[in-house]
Amino acid sequence: MFMHNKRLQYTVRVAEPNPVLASLMLEQFGGPDGELAAAMRYFTQGLAEDDPGRKDLLLDIATEELSHLEVIGSIVAMLNKGVKAHISEGDMEEAELYMSLTQGGNSHTQAILYGGGPALTNSAGVPWTAAYVDSRGDPTCDLRSNIAAESRAKIVYERLINITDDAGIKDALKFLMTREVAHQKSFEKALYAIEDNFPPGKLPGVPEYSSMYVNTSQGEGDMRGPWNDGPEWDRVDDLQQTLPADDGDGMPTVTLGSADTAALSQLAERTKSDPSTNPTTGADIAAGPGAGRTKSDVEA
């Protein structure tokens, strides 16, 4: 059960309305790295978690993320303050009202469709989706995903801070950004409190492949480092000589019954190509400048 405290976790002070800035702030309201996505990610993980420590952690942070949703939503609402009244009351000249709603971003959609309230969309107006919640039900997998999510959210907050000169908004965004850092620290502690946390899951990797590094990007600027070279890695540079990785020939095979074999034989016969022909095509008949060499050019 939840109870709503009417006071925000952090005070929102907005200097003046700015609908365009409001539409950009929606990235952290209904975007993929926003507060709703974070709250739902951790809430659903917490409900399914059996470890009492991790369950408490996940539900604590999920609930705090809802409070952050309230903070960023309040910023959006304050930035849109007056839009709803002006458009509902029609107390401005049409041209003036039109100009105020089409300054940039998707501020016009926010004003006309949502009346200036925070919408569950990102900054481009794309609706929030549960597809943003990427939980897999394995604690080591989900905790790593949570760490990455907090990192991404921190970067998005940095970018939002850099596009506004409103001191009050900057202050609130810095608080939200810093809480992402704190959450990342908690998730990392929870991850490394699991003794065998890598690789995720129960099944071990196949030993002969678990230290293989395949150098598939070769040429000028090829770099070596601890991520692809040294005693921890079996580096594969000569792909022609060493692949496939197993002792097979690298060709896919399947064992078919007699009925499947007969049907496939008929299909192959019916659809086979004749490489000895050079048919006239629509491209030959209607070729114009820039078409390259066509049959008519070669025959001429």
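Start at 1 with the first residue, then count along the sequence.
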Quick check on K174: does its NZ atom have over 12 non-hydrogen neighbours (other residues, nucleotides or ligands) under 6.0 Å away? no
Flag side-chain contact, heavy atom, 4.5 Å: L160 against I163: yes
So if I apply the side chain to side chain contact (heavy atoms under 4.5 Å, CB included) rule between L8 and each of N5, V12, T11, which one comes out positive? V12
Listed once per pair and sorted, the side-chain hydrogen bond (donor to acceptor under 3.5 Å, both in side chains) pairs that draw on residues 34-51, sequence neighbours left out: E35-Y157, R41-D134, Y42-E150, Q45-S135, Q45-N146, E49-R54
Flag the pair L26 / V76 as yes when at least one side-chain heavy-atom distance between them is below 4.5 Å, and no otherwise. yes
May I have the step-by-step check of side-chain contact (heavy atoms from CB on, under 4.5 Å) for I194 and L143, ending in yes or no? CA-CA 11 Å; I194 302 172; L143 285 169; 4.2 Å; yes
I61 vs F187 side-chain heavy atoms within contact, under 4.5 Å: yes
Kindly assign one of parallel, tilted or perpendicular to the pair Y10 and F175, based on the angle between their ring planes and the thresholds 30° and 60°. parallel
By salt bridge (Lys or Arg N to Asp or Glu O under 4.0 Å), R136 pairs with (sequence neighbours left out) none
Who pairs with K189 by side chain to side chain contact (heavy atoms under 4.5 Å, CB included), at least two apart in sequence or on another chain? none
Check S23 against V20 and note the closest heavy-atom contact, atom names and distance. OG-O, 2.7 Å
Around E208, counting heavy atoms of other residues, nucleotides and ligands shown, do more than 12 lie under 6.0 Å from its CD? yes
Can you list the residues that meet the side chain to side chain contact (heavy atoms under 4.5 Å, CB included) rule with L59, with sequence neighbours excluded? F43, K55
Which atom of P32 lies closest to which atom of A37, heavy atoms considered: O-CB, 3.6 Å
Once ring pair (Phe, Tyr, Trp, His ring centres under 6.0 Å) is applied, what residue pairs with a partner in residues 196-252 remain, sequence neighbours excluded? none
May I ask you to check whether H183 and E180 show a side-chain donor-acceptor distance below 3.5 Å? no
Excluding V181, membership of its hydrophobic cluster (Ile, Leu, Val, Met, Phe, Trp, Tyr; side-chain heavy atoms within less than 4.5 Å) reads none
Regarding T281 and D284, do their side chains bring together a donor and an acceptor under 3.5 Å, going by distance alone? yes
Closest non-hydrogen atoms of L66 and A39, given as atom of the first, atom of the second and distance, are CD2-CB, 3.7 Å
Give a yes or no on this: more than 12 heavy atoms of other residues, nucleotides or ligands lie within 6.0 Å of atom CZ of R152. yes
